[in-house]
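All chains are named by letter (A, B, ...) in the order of the sequence lines, taking the proteins before the strands, and each is independently numbered beginning at 1. All of these numbers come straight from a predicted model, not from anything done at the bench.
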Amino acid sequence: MSGYDRAITMFSPDGHLFQVEYAQEAVKKGSTAVGVRGNNVVVLGVEKKAVAKLQEDRTVRKICQLDDHVLMAFAGLTADARVLIKQARVECQSHKLTVEDPVTLEYITRYVASLKQRYTQSNGRRPFGISCLITGFDNDKTPRLYQTDPSGTYHEWKANAIGRNAKTVREFLEKNYTPENVATEEQTVKLAIKALLEVVQSGGKNLEVAIMREDSKLSMLEVSEIEKVVAVVEKEKEEEAATKKKESKSESK
Amino acid sequence: PPLADICGFQTPKPGGLVSSLDHDNEEYCGNFSANSTISLPPFANPGTNLGRVLKDESGNDIPMNFDHGTTTLGFKYQGGVLLAVDSRATGGMYIGSGSVKKIIEINRYLLGTMAGGAADCTYWERVLSKQCRLYELRNRERISVAAASKILSNIAYNYKGMGLSMGVMVAGYDKRGPGLYYVDSDGERTPGNCFSVGSGSIYAYGVLDAGYRHDLTDEEAYDLGRRAIYHATFRDAASGGIVRVYHMKPTGFEVISEQDCKELHYMYAAEKQ
């Protein structure tokens with residue numbers, strides 16, 4: 001096995017592209033990002049790593065705008081993400097120029113995924129060490145959420161998480177995502193934050209949340225607004241724990 | 001000097017084991033494989049200099065008149081887009097053909113007209129068909145009229161100043177409704193409700209502008225388009241032959257009529273009685 005992970009263009013005897021798999025490991029080390037597709041909003045939430053005392057807070061932006069109607073969050077190597085974001089932004093405008101229509105989410109996701117795939121099949125290049133959550137609204141006002149990974153594959157999701165502890169968050173989402181739970185903007189935001197709180201230390205200061213609405217208006221939630229939702233979520237959790245305790249007490253009697 | 005030298009062809013080295021037909025195709029017809037980026041003539045400023053190359057051994061001009069002269073028109077109305085064209089091809093004072101198909105079927109929802117250089121229009125509209133089909137396959141939805149016309153105009157702009165001659169209307173039906181664009185070899189691309197292109201367009205505009213309304217019925221629209229082309233064929237020497245009328249509907253295009261302008265002449269004359 002060890003001889004087949006230098007030149008990335010080579011397969012191992014059992015069919016693995018090790019460099020791609022190592023890139024996926026790098027993604028698993030990145031801070032968590034979650035995306036939820038609601039009825040008429042899409043929400044992206046990311047874990048903000050604690051910054052050093054002297055560091056300015058806002059220079060670390062993990063949610064980026066690719067176009068008026070397209071948002072992207074990523075997990076993994078930030079520097080790699082910069083390259084992809086730059087090219088994706090140009091492609092969004094290029095498409096608008098030649099086709100006279102804004103990109104569909106599927107198109108730009110396919111573009112980003114193709115870029116990533118190209119780097120898994122080029123001499124002397126390593127794959128991009130990031131997974132992306134690309135979300136927004138198509139021209140016909142349909143909300144969409146896509147995920148890409150370092151191998152260059154992409155899939156559409158109702159809700160997904162990437163980065164550290166993504167599995168835990170995804171399992172939470174699988175249990176708690178229902179069309180009723182994402183019917184309004186408020187509920188969708190609450191679900192996204194609740195999912196993130198499963199793996200992130202509580203506190204609005206540790207979360208960055210972005211909402212995009214049907215009319216392609218983007219808004220980044222203020223810390224105070226996030227803290228409000230966090231408080232509600234915590235309270236609900238406590239109430240749930242209390243009722244469970246009561247039930248188990250009455251049962252054991 | 002041998003023909004090969006004049007044309008600038010390099011004679012292949014003798015004694016090769018290469019299959020000669022394929023080799024000749026590659027060597028002399030690179031345009032077959034790269035059909036969207038064709039090679040330019042082997043001299044500078046082809047747009048202005050093409051005429052100068054055409055000289056025989058004694059230095060006399062070889063007259064090569066491209067097939068120009070035409071009348072085409074298109075307009076949007078409540079029932080979609082109507083296109084009407086003539087079918088005469090002239091090279092100078094010589095009528096090359098009386099039955100040219102000046103409406104090119106790009107696909108079921110896109111039509112292109114032909115005016116100017118017949119070869120230029122036909123060739124690049126066929127390349128446009130290829131690009132439109134690839135778009136459909138890649139994006140799983142039909143290309144918009146705006147995007148299709150932009151592909152053609154970008155191609156034309158690429159060759160700007162190099163001697164292409166095209167005055168084309170791209171008509172179609174897409175999500176936004178009926179679409180009509182005028183695209184020409186100067187790189188112009190204009191959306192609009194009503195266009196006429198060609199040497200006979202001045203006559204067609206007269207009739208068209210007099211009778212055009214957005215709320216024409218289908219029959220009225222067919223009659224207006226037909227009449228406008230007929231009047232152009234009557235006065236313009238370079239227009240004539242068969243008057244073809246096409247209707248672009250939400251469900252695709254339909255060929256409405258193809259009548260000889262002589263027939264129409266006697267028909268309209270009888271109406272006047």
Side-chain angles (χ1 to χ4, degrees), chain A residues 37 66-70 72 84 87-121 132 134-148 151-158 214-216, chain B residues 36-37 76 81 106-107 109-110 112 124-125 127-160 168-184 187-193 250:
Chain A
R37 184 187 83 197
L66 296 184
D67 199 355
D68 291 331
H69 62 300
V70 185
M72 179 172 120
L84 276 181
Q87 294 205 33
R89 282 175 173 161
V90 171
E91 180 61 21
C92 285
Q93 298 311 310
S94 204
H95 184 277
K96 242 189 220 169
L97 178 61
T98 46
V99 182
E100 291 196 343
D101 252 334
V103 291
T104 58
L105 268 291
E106 202 260 336
Y107 179 92
I108 193 65
T109 308
R110 196 166 10 117
Y111 178 79
V112 170
S114 307
L115 266 180
K116 288 184 173 177
Q117 190 280 339
R118 220 170 293 155
Y119 278 63
T120 69
Q121 217 177 1
C132 306
I134 300 177
T135 190
F137 286 86
D138 280 340
N139 223 12
D140 57 1
K141 307 262 195 256
T142 333
R144 300 235 181 244
L145 171 67
Y146 285 89
Q147 187 233 2
T148 64
S151 63
T153 55
Y154 69 95
H155 301 277
E156 190 176 0
W157 291 77
K158 298 188 179 85
E214 235 171 25
D215 53 3
S216 292
Chain B
S36 304
T37 47
K76 285 202 270 196
V81 191
I106 295 167
N107 65 43
Y109 295 90
L110 275 176
W124 290 112
E125 287 185 22
V127 172
L128 178 59
S129 300
K130 168 186 153 196
Q131 291 302 117
C132 290
R133 179 62 181 142
L134 284 174
Y135 181 98
E136 251 176 49
L137 288 167
R138 286 170 182 155
N139 296 288
R140 281 180 282 152
E141 73 173 5
R142 269 171 16 225
I143 192 172
S144 65
V145 188
S149 60
K150 201 142 206 181
I151 290 176
L152 188 61
S153 86
N154 283 339
I155 290 173
Y157 185 75
N158 222 6
Y159 290 95
K160 188 175 167 81
V168 151
M169 288 181 285
V170 177
Y173 220 99
D174 61 25
K175 277 192 296 212
R176 297 191 189 129
L180 181 64
Y181 286 81
Y182 166 71
V183 175
D184 77 11
E188 182 178 335
R189 174 179 164 270
T190 317
N193 286 333

Problem set entry | Positive for salt bridge (Lys or Arg N to Asp or Glu O under 4.0 Å) with A/D101, one of B/K175, B/K150, B/R176 | B/R176

Problem set entry | Part of B/N139 within contact of chain A (heavy atom distance under 4.5 Å) | both

Problem set entry | Rounded distance (nearest 0.5 Å) linking atom CZ of A/R110 with atom CZ of B/R138 | 8.5 Å

Exercise. Is atom OH of B/Y135 surrounded by more than 12 heavy atoms (other residues, nucleotides or ligands) closer than 6.0 Å?
Worked result: yes

Exercise. Is the number of heavy atoms from other residues, nucleotides or ligands under 6.0 Å of A/K96 NZ greater than 12?
Worked result: yes

For this session: Indicate the atoms forming the closest heavy-atom contact of A/V99 with B/A147, along with that distance.
Result: CG1-CB, 3.6 Å

